[in-house]
Amino acid sequence: MDKQTGRVAQRSRTRQAIVKAASRLLGRGERPSLDDVAAEAEVSRATAYRYFPGLDALLSEAAVDVLVPEPEVVLDGTAPRDPAARLALVDETFDHAVRQGEVALRLMLARILERSAMQGPGETPLRQNRRVPMIERALEPLGGQLGAGRKRLSHALAMIIGTEGFIALNDVVGLNEDEAREVRRWAIDALLSAALNDA
């Protein structure tokens with residue numbers, strides 16, 4: 001890993017720690033200040049302000065974070081071992097979270113799109129990556145079967161599972177909940193099948 005990649009990864013971890021700290025405070029029923037979040041995340045006040053100059057942006061993202069369980073909760077010891085079934089479980093988890101927190105998600109995306117127009121390459125990621133760790137955990141039963149194709153599959157699935165897939169199928173295509181779920185599952189199965197055929 002080169003220095004630039006390492007710095008980006010470190011900034012991503014710091015940002016994630018701040019969001020998780022805000023999520024914990026919200027989960028306890030508090031309405032925290034940015035200073036409260038910095039203390040909870042064990043970072044300086046200046047660091048918290050560098051990542052989130054506005055409290056509203058942080059709390060809207062933290063509110064979304066509360067809706068998405070950790071990968072080990074969704075894919076625990078009772079989860080199926082079949083990768084297709086595991087990916088369906090991940091898709092259902094994100095679909096439920098998006099529908100439950102749709103207003104907060106849309107507001108968060110609007111803020112992020114506005115900020116991203118001003119951001120240069122290699123700067124701190126504007127969003128926490130929740131879906132890829134869960135997708136990768138879903139693919140664990142395949143072991144090394146996919147080789148280098150596993151990362152490509154994970155990235156391709158991240159385009160379908162989550163908020164953007166929800167918005168594309170609902171807002172752009174105009175599908176109802178059941179139709180959208182059927183199309184996502186078809187696409188997920190098709191990508192998994194293609195990756196297995198290429199392995």
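Note that the structure is a prediction, hence the values are computed from the model and not measured.
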Handout entry: Worked verdict on Arg13 versus Gln10 for side-chain hydrogen bond (donor to acceptor under 3.5 Å, both in side chains)
Key = CA-CA 5 Å; Arg13 286 192 296 271; Gln10 179 56 50; 2.9 Å; yes
Say you draw a straight line from [atom1] of [X] to [atom2] of [Y]; how long is it, rounded to the nearest 0.5 Å?
{"X": "Asp91", "Y": "Asp189", "atom1": "CG", "atom2": "CG", "value": "10.0 Å"}
{"X": "Leu75", "Y": "Arg81", "atom1": "CG", "atom2": "CZ", "value": "9.5 Å"}
{"X": "Phe52", "Y": "Leu34", "atom1": "CZ", "atom2": "CG", "value": "8.5 Å"}

Exercise for the section: For the residue pair Arg50 and Val43, establish whether any side-chain heavy-atom pair is separated by less than 4.5 Å. Expected result: no
Practice task
Check whether any side-chain heavy atom of Leu142 lies under 4.5 Å from a side-chain heavy atom of Leu192, and answer yes or no.
Solution key: yes
Quick check on the hydrophobic clustering: are [X] and [Y] connected, directly or via other members, by side-chain heavy-atom contacts under 4.5 Å?
{"X": "Val173", "Y": "Ile167", "answer": "no"}
{"X": "Leu89", "Y": "Leu153", "answer": "yes"}
{"X": "Leu55", "Y": "Leu25", "answer": "yes"}

Problem - salt_bridge(Glu70, Lys20) N-O dist < 4.0 Å - result: yes
Problem - Thr78 side chain to Asp76 side chain, donor-acceptor N/O pair below 3.5 angstrom - result: yes
Practice task
Begin with the C-alpha distance, continue with both residues' side-chain angles, and end with the deciding distance and a verdict on side-chain contact (heavy atoms from CB on, under 4.5 Å) for Ile160 and Leu191.
Solution key: CA-CA 10 Å; Ile160 297 164; Leu191 284 169; 3.3 Å; yes
Between [X] and [Y], is there a donor-acceptor pair closer than 3.5 Å when you use the side chain of the first and the backbone of the second?
{"X": "Arg130", "Y": "Val68", "result": "no"}
{"X": "Arg184", "Y": "Gly165", "result": "no"}
{"X": "Asn197", "Y": "Ser193", "result": "yes"}
{"X": "Arg131", "Y": "Met159", "result": "no"}
{"X": "Arg86", "Y": "Leu139", "result": "no"}
{"X": "Asn170", "Y": "Phe166", "result": "yes"}

Check [X] against [Y] and note the closest heavy-atom contact, atom names and distance.
{"X": "Ala17", "Y": "Ala41", "result": "O-CB, 3.8 Å"}
{"X": "Ile161", "Y": "Phe94", "result": "CG2-CD1, 3.8 Å"}
{"X": "Ala22", "Y": "Ala62", "result": "CB-CB, 3.6 Å"}
{"X": "Ala138", "Y": "Pro141", "result": "O-CD, 3.3 Å"}
{"X": "Val37", "Y": "Ile18", "result": "CG1-O, 3.5 Å"}
{"X": "Leu196", "Y": "Leu146", "result": "CD2-CD2, 3.7 Å"}

Handout entry: Contacts of Glu92 that satisfy side-chain hydrogen bond (donor to acceptor under 3.5 Å, both in side chains) - sequence neighbours left out
Key = Arg181, Arg185
Practice task
Can you sort out the partners of Glu136 under side-chain hydrogen bond (donor to acceptor under 3.5 Å, both in side chains), two or more places apart, ordered by chain and number?
Solution key: none
Can you confirm whether [X] is buried at [atom1], in the sense that more than 12 heavy atoms of other residues, nucleotides or ligands lie under 6.0 Å from that atom?
{"X": "His155", "atom1": "NE2", "result": "yes"}
{"X": "Glu182", "atom1": "CD", "result": "no"}
{"X": "Arg28", "atom1": "CZ", "result": "yes"}

Exercise for the section: Carefully, step by step, assess Val19 and Tyr51 under the rule side-chain contact (heavy atoms from CB on, under 4.5 Å). Expected result: CA-CA 10 Å; Val19 173; Tyr51 284 84; over 6 Å; no
Practice task
Determine, stepwise, if the pair Val98 / Leu67 fulfils side-chain contact (heavy atoms from CB on, under 4.5 Å).
Solution key: CA-CA 8 Å; Val98 171; Leu67 295 172; over 6 Å; no
